[in-house]
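Structure first, commentary second.
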Amino acid sequence: QAKLVESGGGLVQAGGSLRLSCAASGSGFGRNVVAWYRQRPGEQRDLVADITRSGRTEYTDAVKGRFTISRDSANAAVYLQMDSLKPEDTAVYYCRSYYILRGSLESNDWGQGTQVTVSS
């Protein structure tokens, strides 16, 4: 079973930057899609960005142009570079690694989250 560990969260002023990391134990991410989600207390967990094994990426409109998701060359870590941060970006950010086969979720792993707080 994969174990995902997020890091890089913290407190930053509006307009600042943070880089989040998601590290996969064992053999790395393999063929899985890796995604970043975020969640505020009492709210649903929403997709922020994802990246495929081939490097194809997608972003939610709220972060497009400000956030960048990437993989390392060893396929063992995924990053979320967050620039021009806004107070509304404040949330717990979660890493997810999953694989879909024949329309079904074959694997699905989540990290425990890292807190990002953006002050005005």
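- The shortest side-chain heavy-atom distance between Asp46 and Val48 does not fall under the 4.5 Å cut-off.
- For the side-chain contact (heavy atoms from CB on, under 4.5 Å) with Tyr99, the qualifying choice from Val33, Asn32, Asn108 is Asn32, the only one to do so.
- Counting heavy atoms from C-beta on, the side chains of Tyr93 and Gln39 never come closer than 4.5 Å.
- How far CG of Leu80 is from CG of Asp50: 11.0 Å, rounded to the nearest 0.5 Å.
- Distance CZ/Arg31 to OG/Ser54: 14.5 Å, rounded to 0.5 Å.
- Linking ILVMFWY side-chain heavy atoms closer than 4.5 Å, directly or via other members, places Val92 and Trp110 in a single hydrophobic cluster.
- Inter-residue side-chain proximity for Val118 and Lys86 is flagged as unmet; no heavy-atom pair is nearer than 4.5 Å.
- In this structure, Arg38 and Ala91 approach most closely via the heavy-atom pair CB-CB, 3.8 Å.
- Counted within 6.0 Å of CD on Gln13, heavy atoms from surrounding residues, nucleotides or ligands total 12 or fewer; the atom is thus considered open.
- Neither Leu4 nor Tyr37 shares a network with the other; the hydrophobic side chains, linked directly or stepwise wherever heavy atoms of I, L, V, M, F, W or Y lie under 4.5 Å apart, form separate groups for each.
- Put simply, the side chain of Glu6 never gets that close to the backbone of Cys22: no donor and acceptor are under 3.5 Å apart.
- For Asp89 and Arg66, the salt-bridge test passes: some basic side-chain N is under 4.0 Å from an acidic carboxylate O.
- Checked against the 6.0 Å centroid criterion, the rings of Phe67 and Trp36 do not qualify as a close aromatic pair.
- A cation-pi arrangement, defined by a distance under 6.0 Å to the six-membered ring centre and an angle within 45 degrees of its axis, is absent between Arg71 and Tyr79.
- Cluster annotation: Phe29 is not connected to Ile100 through the hydrophobic network of ILVMFWY side chains, with a link wherever side-chain heavy atoms come within less than 4.5 Å.
- Here the CG-OG distance, from Asp72 to Ser21, works out to 9.5 Å after rounding to the nearest 0.5 Å.
- Atoms CG and OH, from Leu47 and Tyr59 in turn, are 11.0 Å apart once rounded to the nearest 0.5 Å.
- A distance of 3.5 Å separates CG in Asp83 from OG in Ser17, rounded to the nearest 0.5 Å.
- Between Arg45 atom CZ and Arg40 atom CZ the span is 14.5 Å, to the nearest 0.5 Å.
- Across all their heavy atoms, Gly9 and Thr114 have their closest contact at N-OG1, 3.2 Å.
- Inter-residue side-chain proximity for Leu20 and Val116 is flagged as met; some heavy-atom pair is nearer than 4.5 Å.
- Cluster annotation: Tyr94 is not connected to Val34 through the hydrophobic network of ILVMFWY side chains, with a link wherever side-chain heavy atoms come within less than 4.5 Å.
- Hydrophobic clustering (ILVMFWY, side-chain heavy atoms < 4.5 Å, transitive): Leu18 and Val78 are in one cluster.
- Looking only at distances, no side-chain donor or acceptor of Thr68 sits under 3.5 Å from a matching main-chain atom of Gln81.
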